[in-house]
Q: 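Okay, here's the structure, questions in a sec.
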There are 2 protein chains.
Amino acid sequence: MSLAQEKITKMTKALRQAGVRVTKQRIALLAVLGEADDHPDAEELLRRTKRVEPGMSLATVYRTLSVLEAEGVVHRHSFEGGGARFETADQSHHDHIVDLDSGEVFEFNSAKIEQLQTEIAREMGYEVIHHRMELYCRKLGSGSGKGD
Amino acid sequence: MSLAQEKITKMTKALRQAGVRVTKQRIALLAVLGEADDHPDAEELLRRTKRVEPGMSLATVYRTLSVLEAEGVVHRHSFEGGGARFETADQSHHDHIVDLDSGEVFEFNSAKIEQLQTEIAREMGYEVIHHRMELYCRKLGSGSGKGD
DNA sequence: TTGTCTGCAAAGGATTTGCACATGA
DNA sequence: TCATGTGCAAATCCTTTGCAGACAA
């Protein structure tokens, strides 16, 4: 079974778990989400889903994403500029690098940084419930001054 | 000269620098910003400014903040939930801890974390232009189970 | 069957903008 | 003076919601 198929199965279960119906629009969206390896926004998910299910609407995209997010199988990110972007939650926790020029998003994680965050919060009398860390970057060598 | 006064002076210069007029509405807003040691949103800044300058409007708050932000003397943050929150940019770079229960925002900074971020980005072929790091926290001991 | 979904369009919240009048330099 | 700023209301952008017909269980 492919990774995409596993994701789809997991999300389908999440829908049943949430007690909502598994409609053909939702099935189509799950397929799109399962295959996406980027971080599409709602409009992009609509565009992709419409290829298979032309009747799909933006409202249904948002409604379904909300259910999946509540079940913890989809994550919603609000990067700088533009609307929310989504990804399936199968992989382990990670943070993001956003390419300022292309808008592409890459994942990374650092146990060391998380450890430091926990320590810093503890020193201030706090416990970290969750965090957000995004590095807005440009490709090395594309900087001002040298490039053409 | 008080710290607040220094901030106000700096922001006034920034307005002149930007080539815009220093109106009484803007002066009132600068005073509010200079004295704020929290991270108020636009509505809150309007509320505070109106005490001194009752005619102040939300549009002018936003317009002035945009100028100050462009000049680099005010920073705009978009924490989870709710609109943007602002702070004067006098202090050196720092990141934020958001108290999930009270909404209060605290500052911290960690050279070690920044160092690690730079290294991680470099390994992926990127240079960090800027970053966003927020720790959403609860007070230690206020966790579920024990507290009342 | 029948309670839930759906698409559509209208509503919402935050922020920006057009306009005619007011005002700082 | 007169270009720029102001308040107001309307417009935007992204997301959510109400409604009447469609459909999964």
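Basis for what follows: all heavy atoms, side chains included, without hydrogens, waters or symmetry-related copies. Each chain gets a letter, A, B and so on, in the order the sequences are listed, and its residues count up from 1. These numbers were taken from a predicted model, which means no experiment stands behind them.
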Q: Answer with yes or no whether B/R63 presents, from its side chain, a donor or acceptor under 3.5 Å of a partner atom in the base of D/dG7.
A: yes
Q: Would A/M11 and A/L45 show up in the same hydrophobic cluster when neighbours are defined by side-chain heavy atoms closer than 4.5 Å?
A: yes
Q: State whether B/E44 and B/R48 are salt-bridged, where the test is any N-O pair (Lys NZ or Arg NE/NH1/NH2 against Asp/Glu carboxylate O) under 4.0 Å.
A: yes
Q: Is a side-chain donor-acceptor pair under 3.5 Å present for B/H39 with B/E87?
A: yes
Q: For A/H93, which of A/H131, A/H130, A/H75 qualifies under ring pair (Phe, Tyr, Trp, His ring centres under 6.0 Å)?
A: A/H131
Q: Counting heavy atoms from C-beta on, name the nucleotide in D/dG7, D/dT15, C/dT16 closest to the side chain of B/M56.
A: D/dG7
Q: What integer distance in Å separates A/E53:CD from C/dC5:P?
A: 16 Å
Q: Among C/dG7, C/dC5, D/dG7, which nucleotide sits nearest the side chain of B/S57?
A: D/dG7
Q: Given atom OH of A/Y62 and atom P of C/dC8, what is their separation to the nearest angstrom?
A: 16 Å
Q: Using a cut-off of less than 4.0 Å, is there contact between a side-chain N or O of A/T60 and OP1 or OP2 of C/dC5?
A: no
Q: Could you state the atom-to-atom distance from CG of A/L29 to P of C/dC5 in whole Å?
A: 14 Å
Q: So which nucleotide from D/dT6, C/dT6, D/dT15 ends up closest to the side chain of A/A84?
A: D/dT15
Q: Compare the minimum distances between each of C/dG24, C/dC5, D/dA25 and the side chain of A/R16, then state the nucleotide with the smallest one.
A: D/dA25
Q: Closest nucleotide of DNA chain C for A/T64 versus for B/L58: which of these residues is on the 5' side?
A: A/T64
Q: Without decimals, in angstroms, what is the distance between B/Q25 CD and C/dC21 C1'?
A: 13 Å
Q: Which angle, rounded to 10°, do you find between the first-five-pair axis and the last-five-pair axis of the helix from C/dT1-D/dA25 to C/dA25-D/dT1?
A: 30°
Q: Please determine whether a side-chain nitrogen or oxygen atom of B/R76 lies at a distance below 4.0 Å from atom OP1 or OP2 of C/dT15.
A: no
Q: Heavy atoms only, 4.0 Å cut-off, all strands: where does B/G82 land among base, sugar-phosphate and nothing?
A: nothing
Q: Write down the distance between CZ (A/F86) and P (D/dT15), rounded to a whole number of angstrom.
A: 6 Å
Q: Closest to the A/A59 side chain: D/dT17, D/dC8, D/dG5?
A: D/dT17
Q: Which of these nucleotides, D/dA3, D/dG7, C/dA9, is closest to any side-chain atom of B/R21?
A: D/dA3
Q: Please determine whether residues B/L33 and B/I27 belong to a single hydrophobic cluster, defined as Ile, Leu, Val, Met, Phe, Trp and Tyr linked transitively by side-chain heavy-atom distances below 4.5 Å.
A: yes
Q: Regarding A/E43, tell me which of base, sugar-phosphate or nothing describes its non-hydrogen contacts under 4.0 Å with the strands shown.
A: nothing
Q: Let me spell it out: for each of B/V22 and A/K24, pick the nucleotide of DNA chain C with the closest heavy atom. Which residue's pick is nearer the 5' end?
A: A/K24
Q: To the nearest Å, give me how far apart CG (B/L46) and P (D/dC8) are.
A: 10 Å
Q: Could you pull out the closest heavy-atom pair between B/E134 and B/F79, with the gap in Å?
A: CD-CD2, 3.5 Å
Q: Using 30° and 60° as the class limits, which term best fits the ring planes of A/H94 and A/H77: parallel, tilted or perpendicular?
A: tilted
